[in-house]
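A short write-up of the structure that comes next.
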Amino acid sequence: MTWSAVLLVTAVVWAVSVLRSVRLRAFVYSLPLPMTLALVTTGHPVEGAQVLGVVGLNLFFLTVAATHRRLRWPILLADLAGIAVYVALSAGVLAVPVPFEAALAGTVALWALAMVLLRRRPAAAPPPGPADARRDGLAAPVKLVVIFVGALLSGLLGGLLRGMVVTFPYSGVLVAVEARRQLAEFSRHFARNSLALIGFLAGHHYLEDTSPALALATGWAAFALVAAVLHLPRRGPLLRIEWPMRRPGSGRVGGGRVLLRKPQRDG
């Protein structure tokens, strides 16, 4: 991992550490900045393995959340468990060739299934008080040094993963520490945003043989497009027809009615 990559990872984690909104934290982390730098500095092509690496990123956060919140493991030990899951997945993916289109279709199908399950799952109870990202117990200069050293150590492990280094959770190891009070919510938001990462990898893959610069530009354009669609405000129906209508207290069915509703922003 180059010094520029370490500085970039440090900047991403620092940005996440000062944001209070979990949704913004997940979005900032999902920006494909480390992926871009890994593609530029390593020269690895985007193949099916990297698309499955996005699944590995989600499994990393799910493992950290499960071990830290349910099993009460210390956050650093939970981080190690998440890394172990990602490394195990990488070893299996690298052992056999994975066609890009098959990996793309399978990953998108898994994403769609995950969104359906998350919609059906009741929201977790909110914490007693709002968590403040600026009250983690470390002074700002000390936190910056810890983030920098952690990013460097993460890069040493990521360098052993060959093509899977592109999606290795460099900043995720430390982002999980910063977001440890809201890991479940963070994981849900990141899972939704991960479709934009798949778009980035797909855009890069189909043009990487033409021009590296054009491939990166297309990847970022695909990421921006998918992210914009994911975060568009959802509106309520403009027209709703109720038929038949039961009159209150009469037990009789009356005529139907047409309701015109003002569009409502979701959330």
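Clustering ILVMFWY residues whenever any of their side-chain heavy atoms sit less than 4.5 angstrom apart, transitively, puts I198 in the very cluster that holds L118. In the hydrophobic cluster analysis, where Ile, Leu, Val, Met, Phe, Trp and Tyr join through side-chain heavy atoms closer than 4.5 angstrom, V40 is grouped together with L197. Taken together through direct or relayed side-chain contacts under 4.5 Å among Ile, Leu, Val, Met, Phe, Trp and Tyr, V55 and L94 form part of one hydrophobic cluster. Hydrophobic clustering (ILVMFWY, side-chain heavy atoms < 4.5 Å, transitive): L24 and V177 are in one cluster. V87 is not connected to L80 by any chain of hydrophobic side-chain contacts under 4.5 Å among Ile, Leu, Val, Met, Phe, Trp and Tyr, and they are in different clusters.
Although no hydrogens or angles enter the test, the distance criterion places no donor-acceptor pair under 3.5 Å between the side chain of R180 and the main chain of H68. Panel note: side chain E208, backbone V46; a donor-acceptor pair is recorded below 3.5 Å. Judged by distance alone, with hydrogens and angles left aside, the side-chain atoms of Q50 form a donor-acceptor pair with the main-chain N or O of E47 at under 3.5 Å. Of the possible polar contacts, one joining the T67 side chain to the V64 backbone as a donor-acceptor pair under 3.5 Å is found.
Ring planes of F186 and F61: tilted class, angle from 30 to 60°. Taking the six-membered ring where the residue is Trp, W220 and F223 present perpendicular rings, their angle passing 60° and hence far from 30°.
Across all non-hydrogen atoms, the minimal contact from H231 to R23 is ND1-NH2, 3.3 Å. Across all their heavy atoms, A184 and R69 have their closest contact at CB-NH1, 3.2 Å. Nearest heavy-atom pair across A176 and D79 is CB-OD1, 3.5 Å. For S171 against V12, the heavy-atom pair with the smallest separation is OG-CG1, 4.0 Å. Nearest heavy atoms, V98 versus V93: CG2-O, 4.0 Å. Closest approach of A38 to V165, counting heavy atoms only: CB-O, 4.2 Å.
Separating the OG1 atom in T218 from the CG atom in L207 is a distance of 4.5 Å, to the nearest 0.5 Å. Rounding to the nearest 0.5 angstrom, the gap separating the CG atom in L195 from the CG atom in L110 is 12.0 Å. If you take OG on S30 and CZ on R192, they are separated by 11.0 Å, rounding to the nearest 0.5 Å. Rounded to the nearest 0.5 Å, atoms NE2 (H44) and CE (M35) are 14.0 Å apart. To the nearest 0.5 Å, atom CH2 of residue W14 and atom CG of residue L174 are 12.5 Å apart. Atom CG in L89 sits 11.0 Å away from atom CG in N58 (nearest 0.5 Å).
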Go through it in stages, so that I can follow the logic: the residues are L57 and Y29, the test is side chain to side chain contact (heavy atoms under 4.5 Å, CB included), and I'd like the CA-CA distance, side-chain angles, deciding distance and then a yes or no. CA-CA 11 Å; L57 286 174; Y29 175 72; 4.0 Å; yes

Applying side chain to side chain contact (heavy atoms under 4.5 Å, CB included) to F60 and V85, what does each step give before you reach the verdict? CA-CA 7 Å; F60 167 81; V85 169; over 6 Å; no

Trace of the side chain to side chain contact (heavy atoms under 4.5 Å, CB included) decision for F200 with T36: CA-CA 10 Å; F200 169 82; T36 299; 3.6 Å; yes

Give the C-alpha distance, both sets of side-chain angles, the deciding distance and a yes or no for side chain to side chain contact (heavy atoms under 4.5 Å, CB included) between L183 and I75. CA-CA 11 Å; L183 273 174; I75 186 61; 4.1 Å; yes

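With a 4.5 Å cut-off on side-chain heavy atoms, V175 and R25 do not count as touching.
Side chains of Y86 and T63: no donor on one and acceptor on the other come within 3.5 Å.
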